[in-house]
Amino acid sequence: MKLPSSSLLFTLTILFCSLNSLGFTNLLTQQTCKNCSKTDPNISYKFCVESFKSNRRSQHAKSLQELGLISIQITRHNVTDTKARINDLLEKNKSLDPFIKECLDDCLEVYSDTIPTFREAIRDYRAKRYANCNVKLSSVIDASTTCEDGFKQKNNDAVSPLTKRNKDTFQLSAISLSIVNMLVDRDI
Ligand SMILES: *[C@@H]1O[C@H](CO)[C@@H](O)[C@H](O)[C@H]1NC(C)=O
Ligand SMILES: *[C@@H]1O[C@H](CO)[C@@H](O)[C@H](O)[C@H]1NC(C)=O
Ligand SMILES: *[C@@H]1O[C@H](CO)[C@@H](O)[C@H](O)[C@H]1NC(C)=O
Ligand SMILES: *[C@@H]1O[C@H](CO)[C@@H](O)[C@H](O)[C@H]1NC(C)=O
């Protein structure tokens, strides 16, 4: 019997997920996450290890340099998804509260601005211009706090629909930044 390709894909996905949950993490990732969480209290070791599991290349990374680039790419992928989610919220929800809509518009703008920023950050990273890369990654961290803080501006019970995503972006970019800073120290 021929399996439809979607169920084959499903089976493979399940297989990969179970391999991952068995602790399919390499030593470099563990050490790096340990160092990141030690130098930046905003980074949780568990979150860090989990986030690297979402990119299979991280399991084969052989250097901190390689892992740093993967980390930036994971962050970019995550932010791109968040941007799509905001677009979705704005387009699909016809009964959005005007204040929430305004906040979402602002979030869309700050997150859209990070797309070219990531391009530049990766270019800087590859050229080992770590100080410049640091500035760009810091602006991605700022985007996540700017978005989240927008919802707190009004003294009502406005609930941000993006809290988890903003927190994820905050930590993911903090991990990238932490690795970039380790590389600076190493190059001195
Ligand atoms: C983590 O920190 C220790 C101690 O500072 C260092 O020896 C090690 O090389 C670091 N590991 C990574 C992957 O940066
Ligand atoms: C941790 O996050 C806060 C903002 O929430 C920031 O002010 C602080 O500088 C961060 N700490 C480090 C070590 O980056
Ligand atoms: C974004 O990152 C978080 C934390 O690692 C993860 O739970 C989530 O699935 C990621 N989303 C995407 C689309 O990669
Ligand atoms: C639409 O937005 C309002 C708040 O502005 C929220 O209460 C409602 O649950 C949202 N509906 C959907 C389908 O997301």
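As the structure lists them, so they are numbered: ligands from 1, and atoms in each ligand from 1. Source: prediction; values computed, not measured. Only heavy atoms go into these numbers, but all of them, side chains included; no hydrogens, no water, no symmetry mates.
For ligand 2, the 4.0 Å heavy-atom shell contains residues Asp40, Pro41, Asn42, Phe170.
For ligand 1, the atoms sitting less than 4.0 Å from at least one non-hydrogen atom of Leu28 are 13 (C), numbered in the order shown with element in parentheses. For ligand 3, the atoms lying closer than 4.0 Å to a non-hydrogen atom of Leu172 are 2 (O). Under a 4.0 Å criterion applied to the non-hydrogen atoms of Asp81, ligand 3 contributes the atoms 13 (C). In the vicinity of Asn35, heavy-atom distances shorter than 4.0 Å reach the ligand 1 atoms 1 (C), 2 (O), 3 (C), 8 (C), 10 (C), 11 (N), 12 (C), 14 (O).
Side-chain contact annotation: Asn166 with Thr163, donor-acceptor N/O pair under 3.5 Å absent. Asn134 and Asn181 share a side-chain donor-acceptor pair at under 3.5 Å. Ser173 and Thr75 form no side-chain donor-acceptor contact under 3.5 Å, judged by distance and modelled atom types alone. Between the side chains of Ser144 and Thr169, no donor-acceptor pair of N or O atoms lies under 3.5 Å.
Using 4.0 Å as the threshold, Lys164 has a heavy atom nearer than that to some atom of ligand 3. Using a 4.0 angstrom heavy-atom cutoff, Thr82 does not count as in contact with ligand 3. Ligand 3 lies within reach of His77, whose nearest heavy atom is under 4.0 Å from it.
With sequence neighbours left out, the side chain to side chain contact (heavy atoms under 4.5 Å, CB included) criterion links Ser112 to Lys83, Leu108. Listed by chain and number, the residues in a ring pair (Phe, Tyr, Trp, His ring centres under 6.0 Å) with Tyr125 are Tyr130 (sequence neighbours excluded).
Pairs passing the salt bridge (Lys or Arg N to Asp or Glu O under 4.0 Å) check and including a residue from residues 133-149, sequence neighbours excluded, read Asp124-Lys136, Asp149-Lys152.
In terms of polar-atom proximity, Ser51 is not counted as a contact of ligand 3, lacking any N or O under 3.5 Å from an N or O of the ligand.
Residues Leu172 and Ser71 form no side-chain contact, since every pair of their non-hydrogen atoms from C-beta on lies 4.5 Å or further apart.
Hydrophobic clustering, with ILVMFWY side chains joined whenever heavy atoms are under 4.5 angstrom apart, keeps Ile115 apart from Leu69.
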Discussion item. Set out, in order, the CA-CA distance, both residues' side-chain angles and the distance that settles side chain to side chain contact (heavy atoms under 4.5 Å, CB included) for Gln171 and Asn42, then state yes or no.
Written reply: CA-CA 7 Å; Gln171 270 207 69; Asn42 290 323; 5.7 Å; no
